[in-house]
Amino acid sequence: MDTNYNRADLIDLYLLDKLSFQERKGFEEEMRKDDDLRNEVETMRHIMNGFQRKGETEAMNAMLHTSEEQMRSIIAAAENKHKQPAKKMPLLPLMIGIAASIAIILYIGIGSQPKYSSEELYRSYQHSSAYEYMPSRGGMLNGDEEHQLEQAIGRYNQGDYAGAMKLFVSIMIGKGAEEIPEEVKFYTALCMVQTGREQEALGRLESIASSADSEFRYDAQWNLALLYLKLDERSKCRSLLNKIIEDKENPYAGEAERLSMKLKIKKWF
Amino acid sequence: MTVESLKYQDRANDNTLIDDVVANNERAITRLYNMYRGEFIGYFIKEYAICPDDAADIYQESFLAMHQNIVNGKLVTINSSLKTYLFKIGKHKVYNHLRDAKPTVEWSSPMDVDTEESEEERIAGEAVYEEVGAMENPCSRLLSLFYWEQKSMKEIAGMMNYKNEQVAKNRKSLCMKRLKEALTIKFREIGLK
């Protein structure tokens, strides 16, 4: 099984019946021993049933407005697709084997110099996240401020960090720290990273990353690891990446594993 | 613009709207059809030893029968699931198929056994369904694509214009967190754990 899966991924795979027979047996054994896991699986089962019911209701309503003739036509089209020959799969296992061999050779390469500089790695990973506006929680912002938040995130995604920063700051005016929504604190920190205010961003990201209640803590942890990289603090970066990898709930675990591997690779010559 | 050209414009707009509705209906029905086809055919091949072609034919007939029952008002609301209903129809059709193929054999008619869920399970299921229905986009669409249409994260990233798979995964994680928090509050309100 891919070790990059976190706990939520495994529960999904189990409930969607995508685990192998052995993996399924192993997971069910874990469930027998772990009450929390069992309860999580039950909750997810209800949620999946909820989406199934929603999808079925939509289909039922669609069928109510569809004639028998149209139904037969839809079924015929669907059956035609099932009769099409399967596409050939690429030689994936061989390619993976070759890539793994090369990775091992590079990993045990001669010399003490890292293959990838902090700057190189930062530049290649820092574009991996783009954000999408979602209404803020807790009713902390009024209608105008929600609109400003949406505009600010849009500007951030377009690379206008100074413009985004101005909007985030205007949302924060007159508010105490506990009145500022988490997303505003988080995005402000990201803008600071992009506009040369890395030291200010450090404190903010560290605070969100260590807050168990924040819904941005995983994003903050990942971006903090990238910031350490930008500041060439490789050991702090590695240490945080290890924490991210070990946290079964963290959706960045896969990315963290890949970045951590690259940090370890030494130059061959 | 003349009155005639405006009327034509209105009719063209109406036709576009109707086309959209028809296309959406087709998509929803096709989704449902494909969702249960594999499992249905596999089940009846295994349990009743019928050939795959016969199983596929029975699936199509069962699906059409389900459609007829919806249109003529025999099936108005789903108590368990459409999948369970479809399988029930399938069992009766398979029984008729086997009886016609081998009339000298005494086939026992299928029993419709409904699995009983506890009252607590039923209330929990209703509460979850309400919260799922109340979700807004983008979370509603993203989670429907994953849990109902069973699209991969890569496919979802493409369909929702996310930069890459990791962004889609992050959004899903955030949406799930919010849904679970809403459910925790709802369960507490109705006295469930």
Side-chain angles (χ1 to χ4, degrees), chain A residues 6 8-9 12 15-18 39-40 42-44 46-68 70-79 81-82 127-135 137 157 215-216 218-219 222 249-252 254-255, chain B residues 21-22 24-35 37 56 60 63-64 66-68 70-71 75 78 81-83 121 124-125 127-133 136 138-139 143-144 146-150 160 162-164 166-167 169-181 183 193:
Chain A
N6 62 26
D9 290 340
D12 282 343
L15 290 172
L16 291 169
D17 204 20
K18 288 180 178 175
N39 290 337
E40 266 185 71
E42 276 319 294
T43 303
M44 274 312 303
H46 278 302
I47 289 173
M48 282 179 58
N49 287 345
F51 280 102
Q52 179 185 329
R53 196 171 149 189
K54 182 169 173 261
E56 287 183 346
T57 305
E58 280 167 10
M60 257 183 90
N61 290 335
M63 280 195 264
L64 206 49
H65 299 99
T66 305
S67 68
E68 187 179 333
Q70 282 169 317
M71 280 296 296
R72 288 185 185 276
S73 168
I74 290 169
I75 288 171
E79 282 297 322
K81 289 211 171 123
H82 285 289
H127 293 298
S128 65
S129 296
Y131 294 92
E132 179 184 42
Y133 167 71
M134 278 201 276
R137 291 162 65 211
N157 287 333
E215 63 179 8
F216 287 89
Y218 296 135
D219 299 274
W222 173 246
E249 302 286 329
N250 198 313
Y252 288 97
E255 281 282 283
Chain B
V21 168
V22 167
N24 284 339
N25 285 349
E26 267 185 37
R27 262 194 297 273
I29 294 167
T30 304
R31 216 171 287 141
L32 185 76
Y33 185 85
N34 289 331
M35 187 67 65
R37 184 183 183 275
Q60 292 171 52
F63 205 87
L64 280 167
M66 181 174 70
H67 166 255
Q68 270 179 330
I70 290 169
V71 163
L75 176 63
I78 315 167
S81 75
L82 274 187
K83 178 181 164 184
E121 289 258 319
V128 170
Y129 180 58
E130 262 182 53
E131 282 302 323
V132 161
E136 291 175 357
C139 286
L143 295 181
S144 287
F146 188 81
Y147 289 114
W148 170 237
E149 297 189 40
Q150 294 187 25
M160 295 191 69
Y162 291 140
K163 211 159 195 170
N164 55 42
Q166 187 61 47
V167 173
K169 216 173 168 184
N170 297 348
R171 293 302 95 191
K172 176 181 170 279
S173 180
L174 192 54
C175 290
M176 279 308 303
K177 188 170 186 289
R178 288 191 175 186
L179 176 58
K180 283 178 182 175
E181 281 169 359
L183 284 172
K193 280 185 195 168

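Worth knowing before you read on, the calculation uses all heavy atoms, side chains too, and leaves out hydrogens, waters and symmetry mates. Chain letters run A, B, ... following the sequence lines, proteins first and then strands; every chain starts at 1.
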CE (A:Met63) and CG (B:Leu64) are apart, to the nearest 0.5 Å, by 10.0 Å

Minimum heavy-atom distance B:Met176-A:Ile47, with the two atoms named: CE-CD1, 3.8 Å

Non-hydrogen atoms of chain B under 4.5 Å away: do they reach the side chain of A:Asp12, the backbone, both or neither? side chain

By a 4.5 Å heavy-atom criterion (distance strictly below it), what part of B:Ser173 contacts chain A: side chain, backbone, both, or neither? side chain

Below 4.5 Å from any heavy atom of chain B, which atoms of A:Ser73 appear? Answer side chain, backbone, both or neither. neither

With heavy-atom distances below 4.5 Å as the criterion, would you say the side chains of B:Leu75 and A:Met60 are in contact? yes

Measure the NZ-OG1 distance between B:Lys180 and A:Thr43 for me, rounded to the nearest 0.5 Å. 7.0 Å

Quick check: do A:Ile75 and B:Phe63 have side-chain heavy atoms less than 4.5 Å from each other? yes

Kindly determine whether A:Arg53 and B:Val128 satisfy side-chain contact (heavy atoms from CB on, under 4.5 Å), including the steps that lead there. CA-CA 10 Å; A:Arg53 196 171 149 189; B:Val128 170; over 6 Å; no

With a 4.5 Å heavy-atom cut-off, do A:Met71 and B:Gln60 have their side chains touching? no

So do A:Asp9 and B:Lys169 actually touch side chain to side chain, heavy atoms under 4.5 Å? yes

Just by distance, no angles: are the side chains of B:Tyr33 and A:Glu79 close enough, under 3.5 Å, to form a donor-acceptor pair? yes

Shortest non-hydrogen contact from A:Ile74 to B:Glu26? CD1-CG, 3.5 Å

For the pair B:His67 (side chain) and A:Arg72 (backbone), establish whether a donor and an acceptor sit closer than 3.5 Å, ignoring hydrogens and angles. no

Of all heavy-atom pairs linking A:Ala59 and B:Ile29, the shortest is O-CG1, 4.3 Å

Between B:Glu149 and chain A, with a heavy-atom cut-off of 4.5 Å, which part of the residue counts as in contact: side chain, backbone, both or neither? neither

Tell me, for B:Met35 versus chain A, whether the close heavy atoms (under 4.5 Å) come from the side chain, the backbone, both or neither. neither

Non-neighbouring partners of A:Gln52 that pass side chain to side chain contact (heavy atoms under 4.5 Å, CB included), sequence neighbours left out: A:Asn49, A:Glu56, B:Tyr36, B:Ser81, B:Lys83, B:Trp148

What's the spacing between A:Phe216 CZ and B:Lys177 NZ if we round to 0.5 Å? 9.5 Å

Taking every non-hydrogen atom, the tightest pair across A:Leu64 and B:Ile70: CD1-O, 3.5 Å

Chain A contact via B:Arg37 - which portion, at a heavy-atom distance below 4.5 Å: side chain

Tell me, please, which residues at least two apart from B:Glu131 pass salt bridge (Lys or Arg N to Asp or Glu O under 4.0 Å). B:Lys186

As a quick check of understanding, evaluate side-chain contact (heavy atoms from CB on, under 4.5 Å) for A:Tyr218 and B:Leu174, giving each step before the final call. CA-CA 10 Å; A:Tyr218 296 135; B:Leu174 192 54; over 6 Å; no

Show the nearest heavy-atom pair for residues B:Ser144 and A:Lys54, with the distance to one decimal. OG-NZ, 3.3 Å

Atom pair OG1/CG of A:Thr57 and B:Leu82 - distance to nearest 0.5 Å: 7.5 Å

